[in-house]
Amino acid sequence: MIRRWFNKKQKSSQPIQESPATETAAGLCKKAANPDPVREISHFKSRLKDFGIEFSQLAACTPKEENRLQAIQVAEEIAADPEMRNYFLTWKRLPLLHDEKSQVQKLTMKRQREYITALTLIFIENYQVLMQYVPGTGGKH
């Protein structure tokens, strides 16, 4: 489904530099046993604005069931891979190259850009309250 954005010879050995916003998000979730939903959502809204997405847009761009599961898989893969995560946080773009075989998949991923970006932020920032609303994760990631 996804090929790596980076070639092996182009890999940088520099560690991922966390932004102050990322450190704040980690503090929201790790320090509190019961995270504050209002603070978490307001922080998520501000992070979405960094990526050029409004919180109100997410309901309109939520895909159908089959495509939603595909989007969740893509977001989990980006959040799990340090290089893709670093690219995502640095350039504020999805680090995806789609298979040339499937034009439908490429079009679907373009349409789901906002949804995949929001999910990736939820997984990277570890928003515990918002994670409960992501289907298929059971509130844990």
Side-chain angles (χ1 to χ4, degrees), residues 1-8 10-141:
M1 179 165 34
I2 297 178
R3 290 184 295 161
R4 298 280 174 142
W5 178 266
F6 305 99
N7 292 332
K8 292 188 188 252
Q10 293 177 339
K11 288 185 179 178
S12 89
S13 59
Q14 298 175 353
I16 298 173
Q17 297 180 353
E18 298 289 329
S19 66
T22 306
E23 293 171 355
T24 306
L28 284 174
C29 298
K30 290 180 182 175
K31 292 180 183 174
N34 293 325
D36 182 19
V38 176
R39 286 181 58 205
E40 193 171 288
I41 291 172
S42 65
H43 188 269
F44 180 60
K45 283 182 184 179
S46 68
R47 291 292 286 159
L48 280 177
K49 283 186 182 181
D50 293 343
F51 286 81
I53 299 171
E54 291 292 325
F55 188 73
S56 59
Q57 286 178 303
L58 293 180
C61 69
T62 302
K64 302 287 185 212
E65 182 67 30
E66 180 180 315
N67 295 334
R68 189 180 313 144
L69 296 176
Q70 219 177 19
I72 291 169
Q73 288 175 341
V74 170
E76 285 177 335
E77 187 171 336
I78 293 170
D81 188 315
E83 293 170 16
M84 284 200 249
R85 183 175 55 233
N86 190 25
Y87 180 87
F88 175 76
L89 294 173
T90 303
W91 297 101
K92 304 204 181 330
R93 295 176 57 193
L94 293 175
L96 305 176
L97 283 177
H98 306 284
D99 294 333
E100 291 82 17
K101 301 175 195 173
S102 173
Q103 285 297 99
V104 176
Q105 181 181 358
K106 184 175 182 178
L107 183 60
T108 301
M109 292 301 162
K110 278 185 179 179
R111 289 178 182 163
Q112 297 175 6
R113 182 188 66 80
E114 292 93 358
Y115 188 72
I116 294 172
T117 300
L119 285 175
T120 305
L121 279 174
I122 289 171
F123 294 144
I124 289 173
E125 302 284 349
N126 194 22
Y127 293 118
Q128 294 177 354
V129 173
L130 295 173
M131 191 92 58
Q132 295 173 2
Y133 295 97
V134 178
T137 61
K140 297 177 184 174
H141 192 263

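Small disclaimer: the values here were computed from a predicted structure and weren't measured.
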Verdict with supporting geometry, Tyr133 and Ile122, side chain to side chain contact (heavy atoms under 4.5 Å, CB included): CA-CA 10 Å; Tyr133 295 97; Ile122 289 171; over 6 Å; no

Report yes if some heavy atom in the side chain of Gln73 is under 4.5 Å from a heavy atom in the side chain of Leu119; otherwise report no. no

Indicate the ring-plane relationship of Phe51 and Phe88, choosing parallel, tilted or perpendicular according to the 30° and 60° boundaries. parallel

Minimal heavy-atom distance between Gln57 and Gly52, with the atoms involved, is OE1-O, 4.3 Å

Are side-chain heavy atoms of Thr117 and Arg113 found at a separation under 4.5 Å? yes

Measure the CD-CE distance between Glu77 and Met84 for me, rounded to the nearest 0.5 Å. 4.5 Å

Drop me the distance from Thr120's OG1 to Arg47's CZ, to the nearest 0.5 angstrom. 11.5 Å

Quick check: do Leu58 and Phe44 have side-chain heavy atoms less than 4.5 Å from each other? yes

Could you give the distance from CE (Met131) to CZ (Phe123), rounded to the nearest 0.5 Å? 6.0 Å

Tyr115: ring-ring contact (aromatic ring centres under 6.0 Å, His included) partners, not counting sequence neighbours: none

Criterion side chain to side chain contact (heavy atoms under 4.5 Å, CB included) on Ile53 and Lys92, from CA distance to verdict: CA-CA 11 Å; Ile53 299 171; Lys92 304 204 181 330; over 6 Å; no

Measure the shortest side-chain to side-chain distance between Val74 and Leu94 over non-hydrogen atoms and say whether it is less than 4.5 angstrom. no

What heavy-atom pair brings Pro63 and Gln112 nearest, and what distance separates the two atoms? CB-NE2, 3.5 Å

Side chain to side chain contact (heavy atoms under 4.5 Å, CB included) involving Ile41 - partner list, sequence neighbours excluded: Lys45, Phe55, Leu130

Does Glu65 have any side chain to side chain contact (heavy atoms under 4.5 Å, CB included) partners at least two apart in sequence or in another chain, and if so, which? Arg68, Leu69

So CG of Asn67 and OG1 of Thr62: to nearest 0.5 Å the spacing works out to 12.0 Å

